[in-house]
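All values below come from the heavy atoms of this structure, side chains included, with hydrogens, waters and symmetry mates left out. Throughout, residue positions are numbered sequentially from 1 according to the sequence presented.
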Amino acid sequence: MAQSEGDFEFYLRSLSSQTRDSSSPDPSSDPYLLPSVTKIYDMCKEGGSDEMVTRAFNQMSKLYQRCISVSNQSQTSNGALLLTMLQFFLDFGDVVLHDTDSSLRSFFRSCLSREFADPVVAGRLLEFLNFNKTKILKSFPALLPQFFPLLLKLIAWNGESLEKPFLSILPLMISAGSFLPLFSSLIDLPLLVVALEKVEKKNSGTLIGSSIASIQKSAAPEMLLALMDEAYTGSAIENLSDGSGLDDNGSFDLADPSFLEILKDENDGIAERHWTSPTMVTTLRAAVNNPQSDRLKQTLRMSPHLLGLYFSIALREINDSLLCALIPLLMSRYDTMCPDKTFCFEVRKRLSDFMLAVFQWCPHFIALLKKPIMDRLAEAYDSPAKTELGLHLCWAIGEHGAGGTSYKDVARVLFESLELLLYENLATSRLGLNQESAINPKGNSSGKSSQARLLCFVVTAIAKLATCHNELLPRARVSLAKVARSKVVDRRVWQRACDYLGLMDEPALCMSVLGPTTGEACGPGIVDWSKGDSKMVAHIPFYLLAEQEGAPYHDFSFGDVFPVDENPS
């Protein structure tokens with residue numbers, strides 16, 4: 001015991017000397033300091049008294065504040081040292097009545113903002129967060145939602161080697177205030193890599209020890225002058241450096257607002273301004289057309305996985321109002337992302353699956369989001385991605401009856417949008433012409449296929465919407481008849497329109513096939529498919545004939561259908 005007390009006093013004196021030594025501007029430069037802090041923590045953890053913990057805390061608190069205060073001038077990494085002290089504060093905060101929240105925030109702002117590119121610090125931080133996950137979620141729930149942009153820098157720069165531990169803490173970053181901004185940041189993760197590589201180049205090939213916050217501060221006066229010039233003279237300064245918004249290699253300029261927005265350290269809400277920047281299109285193309293770095297390739301593979309986890313958490317834990325607010329943002333980003341083919345395919349699949357799952361869970365969202373849905377249907381001509389989004393929206397409108405039978409006004413408005421989309425395609429084939437040049441410049445098969453696929457979904461949505469809302473049936477018959485009489489429409493679309501017209505002559509069959517899946521419809525001849533497994537007791541589905549009670553009303557017997565074997569032996 002005496003030996004342990006002597007060791008404790010020895011290590012405590014080494015901490016005390018660093019807090020008093022004014023000749024050493026950087027205490028973390030002492031190679032023996034981290035082992036001393038670790039030994040003190042281990043001794044307190046193994047059964048130290050409250051007095052021992054209090055004495056250790058007094059020295060660690062002073063040392064922590066000194067390390068934070070000199071972090072801007074530090075030439076060495078002090079992330080591991082600060083994390084060890086933070087672990088001490090978390091474990092013994094109740095004993096010394098210390099609130100660790102301010103210490104955690106100062107670590108993110110002063111240390112991690114400069115050392116996120118250090119793989120050792122990044123790995124230690126993720127270990128720290130995973131080890132203290134329950135405590136952070138309970139005592140500091142707003143911490144990671146506030147600093148998620150900084151954590152995204154960490155995973156974007158260090159790559160797939162840290163993907164697994166990062167996925168474990170991603171749920172802690174999601175809160176009411178971070179849910180929507182985090183979605184945009186996850187989709188923009190490849191752009192974050194491009195921006196960070198730009199900073200690395202400007203900092204002589206290293207990001208460790210360079211605070212991006214200083215770049216933002218240095219650019220602020222020039223940006224303010226540009227805004228003042230625009231306000232007083234009516235002329236805008238195109239760029240703060242060379243007038244192009246880009247540097248010589250087609251990437252971000254350091255003063256560009258889009259650059260500063262992507263590189264922010266803290267969550268300050270949704271900011272879509274960077275997508276309206278004239279430099280964004282050029283940057284996106286440069287990121288894909290130029291040789292991609294290994295770091296960018298890894299991020300393009302990781303981002304869909306992160307989005308998948310984000311969406312699964314959203315469906316389980318996020319309230320309806322935030323889910324509803326996410327859908328318009330999702331639709332606006334469907335065609336606005338890093339144009340890598342594999343990345344776009346993986347991300348759009350997750351976007352569409354999530355959107356349809358939300359509509360399945362809350363069909364009335366279709367009625368609430370009537371305006372953005374109509375806007376996206378009107379843009380179905382613009383690009384193949386927007387056409388694909390239009391397909392999914394058409395399916396959702398028809399499948400869920402524009403929100404349900406109680407939303408008749410919404411159904412009428414959406415029906416008119418579908419009619420317009422159908423008639424414009426029948427009259428001009430506008431969509432097919434636009435997509436021929438976008439998809440297949442040497443032929444028209446791709447464009448025509450996309451147009452036919454869209455029209456099949458539109459025709460189906462019209463038929464299903466009219467089946468759910470009977471007052472729309474006359475207009476639906478007119479629309480489908482125009483398709484059936486058209487001489488230029490694709491045969492698949494023509495066949496589908498004819499089939500639906502035929503179904504509409506048999507209301508019960510039409511309701512069974514095209515009606516809503518919620519079980520609202522009932523009546524003679526209408527099939528409740530959810531009970532099909534219990535009702536089907538023979539190869540002849542008599543339950544389709546409304547299950548009338550009493551004697552059989554058919555004029556045949558089973559003997560007419562199944563001949564009796566005269567010799568059963």
K.L.:
Which atom names give the shortest non-hydrogen contact between Ala122 and Phe116, and what distance separates them?
P.N.:
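Looks like CB-O, 4.0 Å.
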
K.L.:
To the closest 0.5 Å, what do you measure between CD1 (Ile187) and OG (Ser303)?
P.N.:
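Here the interatomic distance stands at 9.0 Å.
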
K.L.:
Please answer whether the main-chain N or O of Leu309 pairs with a side-chain N or O of Ser312 as donor and acceptor at a distance below 3.5 Å.
P.N.:
yes

K.L.:
Looking only at heavy atoms, what is the nearest atom pair of Pro171 and Ile313, with distance?
P.N.:
CG-CD1, 3.5 Å

K.L.:
Would the distance check show the side chain of Arg348 and the main-chain N or O of Tyr334 forming a donor-acceptor pair, the cut-off being under 3.5 Å?
P.N.:
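Yes, the answer is positive, given that a donor and an acceptor are paired below the 3.5 Å cut-off.
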
K.L.:
Start with the C-alpha gap between Leu368 and Phe365, add the side-chain angles, then the distance that decides, and say whether side chain to side chain contact (heavy atoms under 4.5 Å, CB included) holds.
P.N.:
CA-CA 5 Å; Leu368 296 176; Phe365 282 1; 4.0 Å; yes

K.L.:
What's the shortest heavy-atom distance between Ala411 and Ala402, and which atoms?
P.N.:
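Smallest interatomic distance, heavy atoms only, reads CA-CB, 3.7 Å.
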
K.L.:
Looking only at atom types and distance, does a side-chain atom of Asp188 sit under 3.5 Å from a main-chain N or O of Leu191, one as donor and one as acceptor?
P.N.:
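No, the answer is negative, given that no donor and acceptor are paired below the 3.5 Å cut-off.
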
K.L.:
Checking Phe140 now: which residues fulfil ring pair (Phe, Tyr, Trp, His ring centres under 6.0 Å) with it, not counting sequence neighbours?
P.N.:
none

K.L.:
Hey, mind stepping through Asp265 and Lys153 against salt bridge (charged side-chain N to carboxylate O under 4.0 Å, His left out) and telling me if it holds?
P.N.:
CA-CA 8 Å; Asp265 284 342; Lys153 288 183 187 178; 2.3 Å; yes

K.L.:
Walk me through it: do Arg376 and Glu379 pass the test salt bridge (charged side-chain N to carboxylate O under 4.0 Å, His left out)?
P.N.:
CA-CA 5 Å; Arg376 300 309 162 193; Glu379 295 174 353; 2.9 Å; yes

K.L.:
Within the distance-only criterion (no hydrogens, no angle test), does the side chain of Asn267 pair as donor or acceptor with the backbone N or O of Phe148 below 3.5 angstrom?
P.N.:
no

K.L.:
So, His364 side chain and Gly404 main chain: donor-acceptor pair closer than 3.5 Å or not?
P.N.:
no

K.L.:
Counting N and O atoms only, with roles assigned by atom type, does the side chain of Ser486 sit under 3.5 Å from a partner on the main chain of Lys482, one being a donor and the other an acceptor?
P.N.:
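No; judged by distance alone, with no hydrogens or angles, the pair does not exist.
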
K.L.:
So do the side chains of Leu152 and Leu182 get within less than 4.5 Å of each other, counting heavy atoms only?
P.N.:
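Yes, their side chains come closer than 4.5 Å.
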
K.L.:
Is the shortest heavy-atom distance from the side chain of Cys324 to the side chain of Leu369 under 4.5 Å?
P.N.:
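In contact.
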
K.L.:
With sequence neighbours left out, which residue pairs that include part of residues 165-196 fulfil the ring pair (Phe, Tyr, Trp, His ring centres under 6.0 Å) condition?
P.N.:
Phe179-Tyr310

K.L.:
Taking C-beta and beyond as the side chain, do Glu266 and Phe108 meet within less than 4.5 Å on heavy atoms?
P.N.:
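A side-chain contact is absent here, since even the closest heavy-atom pair is not under 4.5 Å.
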
K.L.:
Begin from the C-alpha positions of Lys297 and Asp340 and carry the test salt bridge (charged side-chain N to carboxylate O under 4.0 Å, His left out) through to its verdict.
P.N.:
CA-CA 10 Å; Lys297 292 177 181 177; Asp340 178 83; over 6 Å; no

K.L.:
Classify the side-chain pair Ser383/Asp335 by whether it contains a donor and acceptor separated by less than 3.5 Å.
P.N.:
yes

K.L.:
Determine whether the side chains of Asp499 and Gln495 contain a donor N or O and an acceptor N or O closer than 3.5 Å.
P.N.:
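Gln495 and Asp499 do have a side-chain donor-acceptor pair below 3.5 Å.
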
K.L.:
Does a salt bridge link Asp490 with Arg496, judged by any charged N lying under 4.0 Å from a carboxylate O?
P.N.:
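Arg496 and Asp490: not salt-bridged.
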
K.L.:
Under a 4.5 Å cut-off applied to non-hydrogen side-chain atoms, are Phe147 and Arg109 in contact?
P.N.:
yes

K.L.:
CG/Asn130 to CG/Leu167 distance, rounded to the nearest 0.5 angstrom?
P.N.:
10.0 Å

K.L.:
Taking atom types as modelled, find out whether Ser293 and Glu197 have a side-chain donor-acceptor pair closer than 3.5 angstrom.
P.N.:
yes

K.L.:
So which heavy atom on Trp494 is nearest to which on Ala484, and how close?
P.N.:
NE1-O, 2.8 Å

K.L.:
Return the minimal non-hydrogen interatomic distance between Leu172 and Pro145, and the atom names on each side.
P.N.:
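For Leu172 versus Pro145, the nearest heavy atoms are O-CD, 3.4 Å.
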
K.L.:
Any chance you could lay out the side chain to side chain contact (heavy atoms under 4.5 Å, CB included) test for Cys338 and Leu300, step after step, and finish with the verdict?
P.N.:
CA-CA 9 Å; Cys338 185; Leu300 290 171; 4.2 Å; yes

K.L.:
Before giving the answer on side chain to side chain contact (heavy atoms under 4.5 Å, CB included), spell out for Glu416 and Arg475 the whole-Å C-alpha distance, their side-chain angles and the decisive distance to 0.1 Å.
P.N.:
CA-CA 10 Å; Glu416 291 172 355; Arg475 294 176 62 175; 3.2 Å; yes

K.L.:
Is Ser352 close to Glu388 at the side-chain level, that is, under 4.5 Å between some pair of heavy atoms?
P.N.:
no

K.L.:
Restricting to ring pair (Phe, Tyr, Trp, His ring centres under 6.0 Å), what partner residues turn up for Tyr407, sequence neighbours left out?
P.N.:
none

K.L.:
Any chance you could measure Cys394, atom SG, to Ile462, atom CD1, to the nearest 0.5 Å?
P.N.:
8.5 Å

K.L.:
Starting at CG of Leu189, measure out to OG of Ser184 and round the result to the nearest 0.5 Å.
P.N.:
12.5 Å

K.L.:
Answer yes or no: is there a donor N or O on one side and an acceptor on the other, between the side chain of Arg350 and the main chain of Glu346, under 3.5 Å?
P.N.:
yes

K.L.:
Can you tell me how far CG of Leu143 sits from CE of Met173, rounded to the nearest 0.5 angstrom?
P.N.:
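Met173 atom CE to Leu143 atom CG measures 10.5 Å (nearest 0.5 Å).
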
K.L.:
Given side chain to side chain contact (heavy atoms under 4.5 Å, CB included), test Met331 with Leu393 step by step and report yes or no.
P.N.:
CA-CA 10 Å; Met331 292 190 291; Leu393 291 175; 3.8 Å; yes

K.L.:
Is the shortest side-chain heavy-atom distance between Met504 and Leu480 below 4.5 Å?
P.N.:
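A side-chain contact exists here, since the closest heavy-atom pair is under 4.5 Å.
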
K.L.:
Would you say Gln360 and His400 make side-chain contact, with heavy atoms under 4.5 Å?
P.N.:
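Yes. Closest side-chain heavy atoms under 4.5 Å.
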
K.L.:
More than 12 non-hydrogen atoms from neighbouring residues, nucleotides or ligands closer than 6.0 Å to CZ on Arg491, yes or no?
P.N.:
no

K.L.:
Evaluate the side-chain proximity of Phe345 to Pro304: yes if any heavy-atom separation is below 4.5 Å, no if none is.
P.N.:
no

K.L.:
Which atom names give the shortest non-hydrogen contact between Ile397 and Leu465, and what distance separates them?
P.N.:
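Taking every non-hydrogen atom into account, O-CD1, 3.8 Å.
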
K.L.:
How long is the span from the CD1 atom in Ile327 to the CZ atom in Phe359, to the nearest 0.5 Å?
P.N.:
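Ile327 CD1 to Phe359 CZ: 5.5 Å, rounded to 0.5 Å.
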
